[in-house]
Number of protein chains: 2
Amino acid sequence: MKDPTSPVCRTISTLLSRIGDKWTVLVVSTLGEGPRRFNELRREIPSVSQRMLTLTLRNLERDGLVSRAVTPSIPPRVDYALTPLGHSLREPIQALSDWAIANIAAIHEAQHRFDAAADEAVAA
Amino acid sequence: MKDPTSPVCRTISTLLSRIGDKWTVLVVSTLGEGPRRFNELRREIPSVSQRMLTLTLRNLERDGLVSRAVTPSIPPRVDYALTPLGHSLREPIQALSDWAIANIAAIHEAQHRFDAAADEAVAA
DNA sequence: CGGAATCCATGGTGATACTG
DNA sequence: CAGTATCACCATGGATTCCG
């Protein structure tokens, strides 16, 4: 289980990388509220570039977490939504977010202590 | 809560980036079994470079998740261990790992479907 | 509207060599 | 043993432009 080359660990690692990237969680959490069109997502996540949103959605679609429905009208319309698999991911993500929120203060405090100690070391 | 510039979201995002990097989870999960010295960690995580292990441990220490105890003997000895905060992170991480393990098959299947569909599109 | 393609800057990462 | 320092590389991501 600790061998990083084992298939299980590689899969977990891949998943964590996907979770860890800047946009996946934002997209999943936004889509968690309901299906969205491409530019709706852009509006709700103003800091994401078009390129990164496209790539993020492609990856999520490839992993089977997000569905992509094209309506070939004019103008074209593309709806994204969470699949059941995507929805099921929201719980563990929520657990992680809850942990983060509960421990923001402790982490920031630790960081300040660490940085202060580092400065002190420089001064000495 | 969806504003990526809000302090809460930035903290979560930072945490997720830390979790998402290749080494943090491996280190935390290894240290979860008990304190380890620097080279013990290297041996248990063979794929990590010395540099990356150092950087990962520094970040974890700065965040207050890992403690670093130096024994200035000859040869020098440095012990790393999870702090209580670090231990508390193991639960949400475990939840995520459990999810990943439970859904490895579904994800791989989705990926193969996606790639097959992409190949088909190229062939057409 | 919903992309794809291209260019380019930045930084994360590894390999190597050196130090206390 | 436990690092630090330096370099070189390549993937990530932003900005811009073009297309169906």
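None of the values given here were measured: they were computed from a predicted structure. In what follows, chains carry the letters A, B, and so on, assigned in the order in which the sequence lines appear, proteins first and then strands, with residues in each chain numbered from 1.
- With hydrogens and angles left out, the side-chain atoms of A:Thr24 and A:Asp21 include a donor and acceptor closer than 3.5 Å.
- Comparing C:dC1, C:dG14, D:dG14 by their nearest atom to the side chain of A:Ser49 picks out D:dG14.
- Taking only side-chain atoms of B:Val78, from C-beta outward, the nucleotide of C:dA4, D:dG3, D:dA15 with the closest atom is D:dG3.
- Comparing A:Asp21 and A:Pro76 along DNA chain D, the residue whose closest nucleotide (by nearest heavy atom) sits nearer the 5' end is A:Asp21.
- Taking only distance into account, the side chain of B:Glu40 never meets the base of D:dA2 through a donor-acceptor pair shorter than 3.5 Å.
- Checking C:dT13, D:dC1, C:dG2 against the side-chain heavy atoms of B:Met52 singles out C:dT13 as nearest.
- When rounded to the nearest whole Å, the span between NZ of A:Lys22 and P of C:dG11 equals 11 Å.
- Relative to the side chain of A:Trp23, the nucleotides C:dA4, D:dG14, C:dC1 differ in distance, and D:dG14 lies closest.
- One finds a salt bridge joining A:Arg62 and B:Asp115 here, because a Lys/Arg side-chain nitrogen approaches an Asp/Glu carboxylate oxygen to under 4.0 Å.
- Distances from the side chain of B:Thr54 to the nucleotides D:dG3, D:dC1, C:dG2 place D:dG3 closest.
- Look at A:Tyr80 and you'll find a side-chain N or O under 4.0 angstrom from OP1 or OP2 of C:dG3.
- With rounding to whole Å, B:Asp79 atom CG is found 10 Å from D:dG3 atom P.
- Nucleic acid contact class of A:Arg58 (heavy atoms, under 4.0 Å, all strands): sugar-phosphate only.
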Under the side-chain contact (heavy atoms from CB on, under 4.5 Å) criterion, do A:Ser88 and B:Trp99 qualify, and how do the steps go?
CA-CA 8 Å; A:Ser88 74; B:Trp99 185 93; 2.9 Å; yes
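- The B:Arg51 side chain lies nearest to D:dT6 when the options are D:dC1, C:dG2, D:dT6.
- In this structure, B:Arg68 reaches the sugar-phosphate backbone alone: every heavy-atom distance under 4.0 Å involves primed, P, OP1 or OP2 atoms, never a base.
- If you chain together hydrophobic residues whose side chains sit under 4.5 Å apart, B:Leu60 and A:Phe114 never meet in one group.
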